[in-house]
Structure formats: structure tokens, C-alpha cells
Amino acid sequence: MTLLKQSFNVVADSYEKYRPTYPKELFEEIIRYANLDVDDTLLEIGSGTGKATEGFVKQGISTITCIEYGHNLAQLTQKKFASYPAIEVIHSSFEDWNHPEKDKYNLVFSGTAFHFIPHDNGYQKAASLLKEDGVLALFWFVHIPSHESVYKSIRKAYGSYAPHLEDSHAPTLAEFIEKQSKQTLESGAFQDLRTHTYTWNQTYTAEEYVGLLDTHSGHQLLPSEQKESLYQEIINVIVTQNSGVITKTHAVASFLARKKNYY
């Protein structure tokens, strides 16, 4: 798990460049559900390059403590929000972070990162950091396999160079939501779960698309020669079959829940 966590740290700049941003409607929904004010305090688990942080900043909320395991990622986020003195970036894993006991937050949130936290203590620690009426907001980008011709050809490239990353057997969006909802409620720390999905299409050039792929941990861990062969074949497919561009459907699934009063 540590190796997977660190894989994002290696591609911090690419992560910032190629990863899509979260939709503003997501943050508007979180703010409504949690009844947040501009002066409320937020804790972010796994801030990455600050893409989720930025979503709240754009909504006028900027008192945020960001916990980030990757040193390069933490530095990038600190620099990105240098003009916001109430944003603090702490280089640490969430599990090892020794938080001040007096600090309690209105919202604990995590964007495409909470799956790296062991479930046996992650939810409990998050709940312990919330005020009595606090809210947990977890959200993820969820991959949706496409069955368009160009993607079928890309799958053949994976079959040749990285079959374990081929996506035809990936969990569906519904399966992901069911699994994550169950984990949240079975933690015993949260209630009143609300889920929502946001989907949109985004077009990439062939080079941009492999740049996006390279920010994913499974691709980062490929041996360099194997990865280069895979990426070159994907570029060839997009150029020859799809005029050099490809459209990907992005999906974000959100899970909002309230801390149980007795927890």
C-alpha cells in the first residue's frame, strides 16, 4: 500500500496537469448537506495537488487543514495556496498524524484517497476529529469502461502489454457505490448516508490521454519499457482510428454522512 501511495508523489506535476477537476455541484451539495459557513473548519485526508481543496476555496471556504503523505504533492499544494494563510498543508499519513486533541472540524473530506486508509481505524479516527454535528464527505473518481471501437482496440493493447490493467472486468459504478456505502455504515460511526453521482464527457488528444493514464498508480508501477510500449500502442490506436482524439466519460461518486451523536 505504501508503494501505491507514493506512486502519485512521483508524478505530482502530471497529476495537477492531467487529472480532471471535481464538478462545482459536488461542493455545493456538500456545503448544503453539512450546512457549512465560510468560517467553518475543514480537514482534508490526502489532499494530493489540492484539486478538492480548490473546490471549497472557490465556494469561499478556506480554513482547511490538508494532510498529504507525498512530499512533492504537499509542497505543490502548499505553493498553490500560498496566498491563503488559513490553509495548512501537513506532510504526513493520516494514520500517523498526531492531531491536537482540542481541534475538531465541521467537515472531514477526502477526494479519491480514502481507500488508502485502513478501514478498521480510518472511519473511527475521522469521526473522532469531527464536532458533534460534523459531516464526513468522501468522493472518488470511478472508472467507467467504454465499449466504443477505439476502446476495444485499446483493450487489445493492454492484453499485449499489461493484461492486469485491462478494464473489462472493472467494478461497475453501482457496485462501487454499494461497496462504499456498506463500508461507511458498517463502521458504526456515521449515519444519514447520502450518495450522488456526477458524470460528464471530456475530450483528450492521444498524448493527453496517456498523460492521464500515467497518473494512475497501476500504470506508474509498470516497468518503464513495458509502460512505454503500452503508451505508444495506445497513441497509435487513437491517431489511426480516432483522428488523434478520444472522449472519456468521467464519473464522481460522493458519500455524505453525519457523525453519530454518541460516537
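This is a predicted model, so every value here is computed, not measured.
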Problem - Side-chain donor or acceptor of Glu175 paired with backbone N/O of Thr172 under 3.5 Å - result: yes
Exercise for the section: Would you mind listing every salt bridge (Lys or Arg N to Asp or Glu O under 4.0 Å) that reaches into residues 73-86, with sequence neighbours excluded? Expected result: Glu16-Lys80, Glu54-Lys80
Problem - Residue list, ring-ring contact (aromatic ring centres under 6.0 Å, His included) with Tyr161, at least two apart or on another chain - result: none
Problem - For Asp214 against His219, the heavy-atom pair lying closest together - result: CA-CB, 4.5 Å
Practice task
With sequence neighbours left out, write down each residue that passes side-chain contact (heavy atoms from CB on, under 4.5 Å) with Val239, or none if nothing qualifies.
Solution key: Ala206, Ile235
Completion exercise
Using a 4.5 Å side-chain heavy-atom cut-off and chaining through intermediate ILVMFWY residues, the residues clustered with Leu76 come out as none
Exercise for the section: With sequence neighbours excluded, give me every salt bridge (Lys or Arg N to Asp or Glu O under 4.0 Å) pair touching residues 106-116. Expected result: none
Practice task
Determine whether Asp40 and Leu107 make a side-chain contact, defined as any pair of heavy atoms from C-beta on separated by less than 4.5 Å.
Solution key: no
Exercise for the section: Can you tell me which residue pairs pass the ring pair (Phe, Tyr, Trp, His ring centres under 6.0 Å) test with a partner in residues 165-194, sequence neighbours excluded? Expected result: Trp140-Phe176
Exercise for the section: May I have all residue pairs that pass ring pair (Phe, Tyr, Trp, His ring centres under 6.0 Å) and include part of residues 33-58, sequence neighbours excluded? Expected result: Phe27-Phe56, Phe56-Phe109
Problem - Those residues that, when tested against Asp103, pass side-chain contact (heavy atoms from CB on, under 4.5 Å) (two or more places apart) - result: Pro100, Tyr105
Exercise for the section: Evaluate whether atom CD of Gln226 has more than 12 neighbouring non-hydrogen atoms of other residues, nucleotides or ligands under 6.0 angstrom away. Expected result: yes
Problem - Glu28: salt bridge (Lys or Arg N to Asp or Glu O under 4.0 Å) partners, not counting sequence neighbours - result: Lys24
Practice task
Sorted by first residue and then second, give each salt bridge (Lys or Arg N to Asp or Glu O under 4.0 Å) pair with at least one member in residues 132-149; sequence neighbours left out.
Solution key: none
Fill in the blank from the handout: Residue set satisfying ring-ring contact (aromatic ring centres under 6.0 Å, His included) with Tyr209, at least two apart, ordered chain then number -> none
Problem - Note, Leu136 side chain near Val108 side chain (heavy atom, < 4.5 Å) - result: yes
Exercise for the section: Please work out which of the three classes, parallel, tilted or perpendicular, describes the rings of Tyr123 and His119, given edges at 30° and 60°. Expected result: tilted
Distance-only criterion, 3.5 Å: show the donor-acceptor pairs between side-chain atoms of residues 193-200 and protein atoms not counting sequence neighbours.
from, atom 1, to, atom 2, distance (Å)
Arg194, NH1, Glu29, OE2, 2.8
Trp200, NE1, Gln202, OE1, 3.3

